[in-house]
Amino acid sequence: MTAPRRITSKYPGTCRICRTPFRAGAAIRWQAGTPGATCADASACATAKAAAEARAAAPPPPPALVDAAPIVAFLTAARERGLKFPKARFVAPDGRAELRLSVAGSQSRTPGAVQVVIGDHWQGRIGTDGTTAGPGMTAALCQHLEAIAAAPAIAAKQYAAVTSRCSFCALPLTDAGSVEVGYGPICADRSGLPHTAKGTPTAQTTAELHEDDGGADWTDDDRDAADEATAARRETAVTAGRIARHWDDDLPF
Ligand SMILES: [Zn+2]
Ligand SMILES: [Zn+2]
């Protein structure tokens with residue numbers, strides 16, 4: 001067998017020993033009869049290999065802690081005012097997708113935990129002790145949730161500014177006063193949040209059953225029906241009801 005030779009690689013590749021990638025044109029060591037190439041610099045290769053092994057052996061970083069207490073207070077205020085499963089919608093970290101938060105009910109395996117969904121995807125939950133669990137609870141998302149928890153009312157307002165929809169029920173906001181605060185008058189009443197109608201229609205006046213249009217005459221049954229319709233519209237959009245089950249607290253752990 002011939003000795004390894006130092007050559008210029010014709011193709012990009014990866015070092016057989018330390019898995020460091022190299023470019024076409026890079027200096028590498030190659031040995032006839034042995035598949036693959038290695039770094040030209042053996043000591044740099046050994047260092048890179050040790051670092052890779054240390055990374056592989058290190059325990060994964062502990063999940064971030066998020067103090068969701070203000071979000072829970074924000075949402076449970078609505079529950080105490082008669083909404084069975086209050087949710088609030090915010091803007092996801094990407095600035096476009098919808099981030100939905102809800103508080104798990106007393107029948108849940110994790111009562112009081114905040115469920116986190118982005119678009120159609122369940123991300124995870126924040127326990128009452130601030131621990132986070134779930135496939136999507138990255139450091140970036142946890143940071144975003146911290147910011148929402150620090151000022152849920154401001155986050156609701158940002159959601160309304162982006163979507164012209166109510167942060168709580170997702171119905172279009174038809175009044176400038178509602179867009180300004182981020183939610184309609186009925187949801188404001190339910191959540192115990194301030195609201196002042198300005199009587200100025202916004203560009204979006206497509207309200208079907210919207211709170212701003214005759215909401216004052218609604219009975220509780222009307223409101224429940226509207227909630228159910230909103231929920232049904234959303235749930236049909238969700239693949240195979242997977243997220244719907246998450247909302248019902250039927251979580252995998
Ligand atoms: Zn190497
Ligand atoms: Zn609303």
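Start at 1 with the first residue, then count along the sequence.
Between R55 and E53, no side-chain nitrogen of the basic residue sits less than 4.0 Å from a carboxylate oxygen of the acidic one, so the salt-bridge criterion is not met.
Under the 4.5 Å side-chain criterion, counting only non-hydrogen atoms from C-beta, M137 is in contact with I126. Counting only heavy atoms from C-beta outward, the side chains of V116 and L145 approach each other to under 4.5 Å. Taking the side chain as every heavy atom from C-beta outward, T110 and R125 approach each other to under 4.5 Å. Contact check for P70 versus I148: no side-chain heavy atoms found under the 4.5 Å cut-off.
Looking at every heavy atom in both residues, V66 comes nearest to E146 through CA-OE2, 3.5 Å. Nearest approach of S102 to K87, heavy atoms of both residues: CB-CG, 3.9 Å. The two atoms that bring L141 and G136 nearest to each other are CD2-O, 3.2 Å, heavy atoms only. Across P111 and T128, no two heavy atoms sit closer than the pair O-CG2, 3.8 Å. The shortest non-hydrogen separation linking A160 to L173 is CB-CD1, 3.7 Å. Contact detail for Q115 and W122: the closest heavy-atom pair is OE1-NE1, 3.2 Å.
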N/O donor to acceptor pairs below 3.5 angstrom from side-chain atoms of residues 9-24, sequence neighbours left out:
| from | atom 1 | to | atom 2 | distance (Å) |
| --- | --- | --- | --- | --- |
| S9 | OG | Y11 | N | 3.3 |
| S9 | OG | Y11 | O | 2.5 |
| R16 | NE | P35 | O | 3.2 |

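Rounding to the nearest 0.5 Å gives a distance of 14.5 Å between CZ of R96 and OG1 of T163. Distance check: R6 CZ to C39 SG gives 11.0 Å after rounding to the nearest 0.5 Å. E98 contributes atom CD, which lies 8.5 Å from atom OG of S167 (distance to the nearest 0.5 angstrom).
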Chi angles and distances behind the side-chain contact (heavy atoms from CB on, under 4.5 Å) call for T131, L65
CA-CA 5 Å; T131 53; L65 290 174; 3.7 Å; yes
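Under a hydrophobic-cluster definition in which Ile, Leu, Val, Met, Phe, Trp and Tyr are linked whenever side-chain heavy atoms come within less than 4.5 Å, directly or via other members, V162 and Y159 are assigned to the same cluster.
Between Y183 and F168, the ring center distance clears the sub-6.0 Å criterion.
Under a cut-off of 6.0 angstrom, the local environment of CD1 in I7 is crowded, with over 12 non-hydrogen atoms contributed by other residues, nucleotides or ligands.
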